[in-house]
Amino acid sequence: MRKLHILKLALITILSITLVATFSFVGCAQAEEAVEEVEEATEEAVEEVEEAAEEVEEEVEEAAEEVEEEAAEEPITIGFSVWTMEFTFFQNVEKGVRDACEDLGYEYIMIDQNADPTKMVQDLDSLVSQGVDAISVTPVDPGALGPAVQNARDAGIPVVCADIGKSGPVNALIISDNFEGGQLAAGYLDELLADNPDNTYKFGLGNLQPQWTYARERGEGFIDKSEELGYEIASEIIVDPPSAEGGYDTMQQIISAAPDIVGAFFSSGREAVGAAQAVEGAGEDIYVVGYNGDPEELQAIEDGILAGTILQQPYVIGYQSVEILKEILEEGAEYEDEVVPAPVKLVTPENLEEIAAELEERRGQPAY
Amino acid sequence: MVDIRSRNLKVKVAQQWENFGMLFILVLILAIFSSLDPNFRTVYNFISIFKYSTFIAIGGIGMAFCIMSGDFDISVGSMLAFVGVLGSSFIPFIGGVGAVLSTIVIASILGFINGIFITKLRIPAFITTLGMLYIFRALAYLYTSNVPVYIENKFWLYIGNGKIFNINFPIILMLICYLGGYLLLRKSPFGRYIVAVGTNPDASRLSGINVDKVRIIVFTLVGFFVGISSVVVSANLGSANPGQLGQGYEFQVITAVVLGGTILGGGNGSLGGLFVAALIITALKNGLSLMQVDSYWQDVATGLVLIFAVALNRIRYTLLGQRE
């Protein structure tokens with residue numbers, strides 16, 4: 001625009017000089033006519049220049065729009081569908097996905113399933129209709145993924161599950177090594193009981209509802225390792241309802257069923273805290289280990305109520321899911337129905353501070 | 001003169017609102033989202049709104065009959081889950097077609113049982129169906145030991161995911177259901193009985209209508225349409241999960257029926273209104289999801305639209321100078 005103004009100015013200056021020159025060559029009488037003619041000519045010229053300038057401006061704008069459109073098609077967009085943003089665990093998975101997208105320069109769209117499988121299916125469909133390049137999903141009901149994932153895959157969109165489970169033709173499932181987590185818990189209880197004074201070898205187990213495969217595997221890992229170490233699972237009860245209160249009630253039932261247990265494993269977070277409080281309340285001497293690494297658990301470990309927990313790393317799971325999508329999209333990597341284990345960590349009163357600091361750095365907020 | 005003319009105008013506005021009010025709100029919602037979000041105004045998305053509205057729209061037909069006849073059924077969500085897990089578990093034994101049909105038949109029988117409890121044992125519909133809400137859900141858990149039934153049968157899956165000439169099968173199924181519902185309600189004596197029983201059961205009884213029979217058939221129809229919905233939903237999910245199928249379904253369906261202009265106390269109602277209302281609810285959720293609005297705000301929006309629409313209906317009655 002400024003250039004065009006300069007052009008206009010230059011033109012006017014040149015025309016003015018011509019005008020002055022004309023004055024010096026012709027007489028005063030002729031000069032008046034000449035002035036009029038020149039003025040007319042000047043006006044016409046200015047008009048032409050302005051028209052030309054407008055045309056150029058329009059062309060430039062059009063070109064700019066085209067460039068913008070092309071640029072908009074360029075970046076890769078990742079759609080993420082999450083069980084619910086109500087729980088810390090899923091918030092951390094989401095943070096992992098979001099951070100990974102940011103780090104890799106991807107666009108990011110998140111939709112909350114609101115813990116409703118029908119909404120999950122609709123959301124996946126709407127991600128497909130928005131033309132995302134790849135989908136990461138933390139499914140509320142992994143069994144209900146089949147047709148929706150098929151639909152996305154038919155549209156050429158790879159789908160990976162971040163935690164929980166999978167069904168249908170997903171490319172990959174990134175999930176905590178739940179079996180190993182259960183084993184870790186049993187091993188840790190064994191260490192704590194190294195100088196077992198009562199010489200009893202009995203554990204209690206509080207499991208989640210069996211439809212949650214991931215949680216079942218934790219229990220199976222625990223049983224496997226316990227038996228290997230020579231312990232007996234004296235009482236195994238399903239925590240119902242799945243809540244801290246449910247954990248409390250379940251632990252009381254376990255204690256009544258098997259009063260001589262020395263340790264107990266609860267395959268989820270809040271439930272384990274409830275169970276540990278039940279042990280406190282009953283004045284028993286039983287070590288309780290949880291699973292998840294929820295803030296409530298970390299607090300309970302600090303307070304000396306809970307012996308330890310198996311920390312899942314939802315952030316890592318979310319982050320890893322995008323990395324796998326990147327491999328598929330950019331490097332043409334082949335993933336078909338694969339399970340990628342994500343590491344779990346044992347949290348004890350000894351390493352609590354260190355792990356909390358690490359979590360805080362990653363999440364940008366205190367771990368508990 | 002002027003007074004009569006303005007009264008005529010009021011009546012006209014009110015009548016037009018009755019016929020096209022919901023359609024107006026739907027067009028308004030579609031227009032707003034289309035202008036705000038380019039991803040909303042795609043053919044693909046409009047089709048998916050249609051497809052997902054069938055969940056509510058089909059189950060809503062039975063519920064509309066039920067509410068028109070002055071009753072209520074809040075057991076539909078649990079019933080949907082129970083017949084879904086039961087019917088889909090039959091697939092290995094009687095095949096896809098048999099399993100689909102038996103799902104619909106079982107649902108109809110459950111509806112029939114509801115009707116018997118309500119009419120013969122004289123237990124209020126609200127109490128009976130509240131009880132059944134617990135019982136059906138629990139039976140679904142017990143029957144499956146809380147493990148979801150995975151559906152791999154082609155026929156069953158086709159009902160939720162198949163296409164005829166690029167139109168999703170659930171949409172076609174829904175249109176057939178609406179045609180049937182319309183014929184039943186408007187072209188058969190039974191439709192008039194439903195409205196009569198809902199408007200005044202005592203008068204209906206005195207004029208020779210077998211009120212109990214009408215109510216039992218209505219509850220059976222509720223079951224019938226829930227059965228169809230159950231197949232569509234579980235086919236779409238590819239599994240029947242005893243805990244998660246149909247959670248909150250009863251309220252979604254009742255919302256659609258009320259939004260569609262059917263009066264809660266019984267009496268006349270509109271299937272067309274219900275159909276449009278199901279589209280409104282689905283389009284609203286779809287649009288807000290696309291715009292990344294928090295899902296809890298989506299529920300706030302659905303609630304507000306419901307209250308707003310019913311408030312507008314009241315204005316209609318004020319214009320007509322009638323009481324409901």
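Here is the naming used below: chain letters follow the sequence lines, and residue numbers restart at 1 for every chain.
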Problem - Contact class of B:E152 relative to chain A, heavy atoms under 4.5 angstrom - result: neither
Handout entry: Considering all heavy atoms, the nearest B:A235-A:P147 contact
Key = O-CG, 3.5 Å
Handout entry: Minimum side-chain heavy-atom gap B:N286-A:Q122 below 4.5 Å
Key = no
Exercise for the section: Report the distance from atom CG of B:N45 to atom CD of A:Q130, rounding to the nearest 0.5 Å. Expected result: 8.0 Å
Exercise for the section: Could you tell me whether B:F50 atom CZ has more than 12 heavy atoms of other residues or ligands within 6.0 Å of it? Expected result: no
Exercise for the section: Test A:T118 against B:V233 for side-chain contact (heavy atoms from CB on, under 4.5 Å), laying out the working first. Expected result: CA-CA 8 Å; A:T118 9; B:V233 175; 3.9 Å; yes
Problem - Test side-chain contact (heavy atoms from CB on, under 4.5 Å) applied to A:I109 and B:Q292, step by step - result: CA-CA 8 Å; A:I109 300 174; B:Q292 311 240 339; 2.5 Å; yes
Handout entry: Whether over 12 other heavy atoms sit under 6.0 Å from B:Y143 OH
Key = yes
Exercise for the section: Name the member of A:G146, A:G168, A:S129 that forms the most heavy-atom pairs with chain B at distances under 4.5 Å. Expected result: A:S129
Handout entry: Portion of B:F55 that has a non-hydrogen atom of chain A nearer than 4.5 angstrom
Key = side chain
Exercise for the section: Can you tell which part of A:D141 gets under 4.5 Å to a heavy atom of chain B, answering side chain, backbone, both or neither? Expected result: both
Handout entry: pair B:N161-A:Q150: side-chain heavy atoms closer than 4.5 Å
Key = no
Exercise for the section: Taking the side chain as every heavy atom from C-beta outward, state whether B:S289 and A:K119 have any pair of such atoms under 4.5 Å apart. Expected result: yes
Exercise for the section: Can you establish whether the number of heavy atoms outside B:Y296 located under 6.0 Å from its atom OH is more than 12? Expected result: yes
Problem - Heavy-atom proximity to chain A below 4.5 Å, by part of B:D299 - result: side chain
Exercise for the section: Go through the steps for B:K51 and A:D125 under the test side-chain contact (heavy atoms from CB on, under 4.5 Å), then give the verdict. Expected result: CA-CA 11 Å; B:K51 180 179 159 192; A:D125 218 9; 4.2 Å; yes
